Amino acid sequence: MSGKASAGYHDLWQRSIDDGTRSAFWLQAARAIDWTVPPTVALEERFPGAWRWFPDGELNTSYNALDRHVLAGRGEQTAVIYDSAMSGTRVRLSYRELLGRVERFAGVLRASGVGQGDRVIVYLPMIPEAIVAMLACARIGAIHSVVFGGFAASELAVRIDDARPTVIVTASGGLEPGRAVEYLPLVERALARSKGSVHTVIVRDREMVPGCAADYAGTSDVAWLDWAHEENEASPAAPISLRSDDPLYILYTSGTTGNPKGIVRDNGGHAVALAWSMANIYNVKPGDVFWAASDVGWVVGHSYIVYAPLLVGATTVIYEGKPVGTPDAGAFWRVVEDYQVSVLFTAPTAIRAIRRVDPDLVELAGHDIQSLHGLFLAGERLDPETYHWANDGLHCPVVDHWWQTETGWAICANPRGIADIPTKPGSATFPVPGYDIAILDSQAKPVTKAGKDGNIAIRLPLPPGALLGIWGSEDRFESSYLSAFPGFYATGDSGHFDEDGYLYVMGRTDDVINVAGHRLSTGSLEEVLTLHPAVAECAVLGVRDPLKGQRAAGFVTLKSGATIDHDTLGAELIALVREHVGPVAAFRDVTILDRLPKTRSGKILRKTIRQIVDGEAYTVPPTIEDPTVLDALKQAVHGVGPNA
């Protein structure tokens, strides 16, 4: 690290992790939160692998997100902007209006028998009621578990049986381009498959989607209630005081065994970490408009659509639409202009989708985005080509940062609220204060050579805001994250530090390809493929090879308007890899597709692609955005149709 900016950051980071200064650092950060019982202890390490933040503190997260701003005289400030590109609906809710709705819906939950520690599944589309439901749960100490709207009935049933909720909050459905997705039949089937913990379903009726609570009333022992009616009749519920380490929510992420893992987040550490991140990473102040273009069903939606902006008194945008096709590749720029967005947070795949359709940013010309002072990207690796395209075209800082569902906020970032640190394309910059990152080899020994890849691990304890554990399974928390490298949390990602201390996250550890004994990073190969001017997106993965064990195979999509012959493109990509990586890569397989198989959050389904290419049995992931893309992949690699 060099320069005054890096030195200032480094001093802050060191104080956040050193045993002698860590407690004072985080107790100071905790002063940004209003506590009913202020904490006097920052960290309690109960035994190896078990710790709690602010263990003697008490607070209410809903109060911190709403009440305190109203009491401070800022009740008329806009808290939430709802923009639906699907229905054309645009709504603003002030902090006072949002508080009123949350108070009443908390009363609805309380009248339905929900109390502290009870679980509530929130199965809603991108509408303001999703925010209302989550904050209402937090208000009365209920633990919410948000399930991505439209998830299959079987997947919803698995989550019901694991969390054992008493209430499901849902809507008649969600809106996708060209179609409506009905939720209520999915809920009914999930309830039939589950073990009977749910006694009430509360339904928000949407005019554009068929189905309402009355359609299901009396069909079973479960009570189906209309949201609007219940909210109108409810008595407001006051916030209750909760211990810092009382669970706020459960969020399910995929498990390697096929059973989803319920990540548990606390109240106190979560609030402190998110409030700290808004000021120090995103440089967001009260009154700024912050837009996380994600979904409330994912961790980004929890942290940066719902909680973080409201905790610091900013305005949050909840957007029902896509980066392209609703109606065009200028959709994001229209929202930025309309609401004077200060910071946009989205996934690299959204930016690549725009780049593919509008490589010359023609749609941007019709919009004024001068309000935008930061574009933050996370969720997958940001390739240097996409970074340069966005940075050069948008004329605002582009920040690649890295984090996980488990951590709940950034592990590594360019902290724009702390210092003006130079960016290096392909790197997520420096570890965020609180995170002590090490690069380890397979024997848990430090990799000290700059530029050499290894396993990225985080020294324990994890900072505030990270997971407390896995719901109902302490053993699974240990085996999933803590056993591989004693004393460290295993991120499952591989990468390296360079000579200046910048971290490069190159991909998942199981995406490293072993070609005839040579270990190759898929991230480095993908960087090379995106150098070609015709390539919009790509994925490189290791497929089975009878001679070398594995070989690298590339899958690419083309930018709009690209007319290059496919054989010519394949030859040029192979030549690029040979030039930049060398013959050791043995790269000779290129498949050109219209679209890459992805989850709804934009992550490429690498495991599924690998299984299809290798001819293995596979299950269509419940998170997939469009299952028909798999048919096109099978046709491309095996020449077989959708029923094969």
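Please read all numbers here as calculations on a predicted model, not as lab measurements.
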Backbone N or O of [Y] within a donor-acceptor pair of the [X] side chain at under 3.5 Å?
X    : Y    : answer
W53  : L462 : yes
S427 : T429 : yes
R74  : G313 : yes
N280 : W276 : yes
T491 : I456 : yes
S473 : I470 : no
N64  : N60  : yes
T599 : T623 : no
W403 : A413 : no
E44  : V41  : no

Side-chain contact test, heavy atoms from C-beta onward, threshold under 4.5 Å: evaluate it for [X] versus [Y] and give yes or no.
X    : Y    : result
C396 : H373 : no
Y82  : M126 : no
L59  : I33  : yes
V147 : V122 : no
L482 : L460 : yes
Q370 : H395 : no
H270 : L467 : no
I351 : L375 : yes

For [X] and [Y], which I'm curious about, is there any donor-acceptor pair between the side chains at under 3.5 Å?
X    : Y    : answer
Y252 : D162 : yes
Y339 : D83  : yes
T61  : N267 : yes
Q14  : Y9   : no
T423 : N414 : yes
K261 : Y481 : yes
Y249 : R265 : yes

Next item on the list: Start with the C-alpha gap between K424 and D400, add the side-chain angles, then the distance that decides, and say whether salt bridge (charged side-chain N to carboxylate O under 4.0 Å, His left out) holds.
Entry: CA-CA 9 Å; K424 291 189 179 185; D400 180 15; over 6 Å; no
Check: Considering residues at least two apart in sequence or located in another chain, which fulfil the salt bridge (charged side-chain N to carboxylate O under 4.0 Å, His left out) criterion with K449?
Finding: none
Note to self: Going by side chain to side chain donor-acceptor pair (under 3.5 Å), name the pairs with one or both residues in residues 289-308, residues two or more places apart or in two chains.
What the structure shows: H144-Y307, S277-Y304
Cationic N near anionic O, under 4.0 Å, [X] to [Y]:
X    : Y    : result
D18  : R15  : no
R352 : D383 : yes
E537 : R381 : no

Note to self: Does the plane of the ring in H401 sit parallel, tilted or perpendicular to the ring in F345? Use 30° and 60° as the thresholds.
What the structure shows: tilted
Checklist line | Test log, rule side-chain contact (heavy atoms from CB on, under 4.5 Å), inputs R52 and L468 | finding: CA-CA 8 Å; R52 292 294 183 267; L468 288 184; 3.8 Å; yes
Closest heavy-atom pair and its distance - [X], [Y]:
X    : Y    : value
A130 : V296 : CB-CG2, 3.9 Å
R22  : D19  : NH2-OD1, 2.9 Å
P309 : Y95  : O-OH, 3.8 Å
F376 : V343 : CD1-CG1, 3.6 Å
P461 : E45  : CD-OE1, 3.8 Å
S244 : F54  : CB-O, 3.0 Å

Note to self: The test is side-chain contact (heavy atoms from CB on, under 4.5 Å); show your working for W26 and T21 and say whether it passes.
What the structure shows: CA-CA 9 Å; W26 288 111; T21 54; over 6 Å; no
Would you give the length of the straight line joining atom [atom1] of [X] to atom [atom2] of [Y], rounded to the nearest 0.5 angstrom?
X    : Y    : atom1 : atom2 : value
E478 : S483 : CD    : OG    : 5.5 Å
L596 : C538 : CG    : SG    : 8.0 Å
I17  : D436 : CD1   : CG    : 4.0 Å
L372 : L394 : CG    : CG    : 7.0 Å
K603 : E380 : NZ    : CD    : 8.0 Å
D493 : M506 : CG    : CE    : 11.5 Å

Notebook entry, point to check: Does the ring center of Y502 lie less than 6.0 Å from the ring center of F497?
Noted result: no
Notebook entry, point to check: Passes side-chain contact (heavy atoms from CB on, under 4.5 Å), F430 versus H10? Steps please.
Noted result: CA-CA 9 Å; F430 295 152; H10 185 72; over 6 Å; no
Next item on the list: Please say whether more than 12 non-hydrogen atoms of neighbouring residues, nucleotides or ligands are located less than 6.0 Å from CD in E474.
Entry: no
Checklist line | Worked verdict on Y435 versus W409 for ring-ring contact (aromatic ring centres under 6.0 Å, His included) | finding: CA-CA 11 Å; Y435 289 97; W409 63 301; 5.5 Å; yes
Next item on the list: Kindly indicate, with the supporting measurements, whether the criterion side-chain contact (heavy atoms from CB on, under 4.5 Å) is fulfilled by I418 and L12.
Entry: CA-CA 9 Å; I418 296 174; L12 199 68; 3.4 Å; yes
Check: Given the rule in the salt bridge (charged side-chain N to carboxylate O under 4.0 Å, His left out) test, do R606 and E526 qualify, once you have shown the distances and angles that lead to the verdict?
Finding: CA-CA 13 Å; R606 298 172 187 275; E526 289 169 359; 2.6 Å; yes
Next item on the list: Please report the C-alpha distance between T40 and D56 in whole Å, then the side-chain angles of each, then the deciding distance to 0.1 Å, and finally whether the side chain to side chain donor-acceptor pair (under 3.5 Å) criterion is met.
Entry: CA-CA 7 Å; T40 62; D56 62 341; 2.4 Å; yes
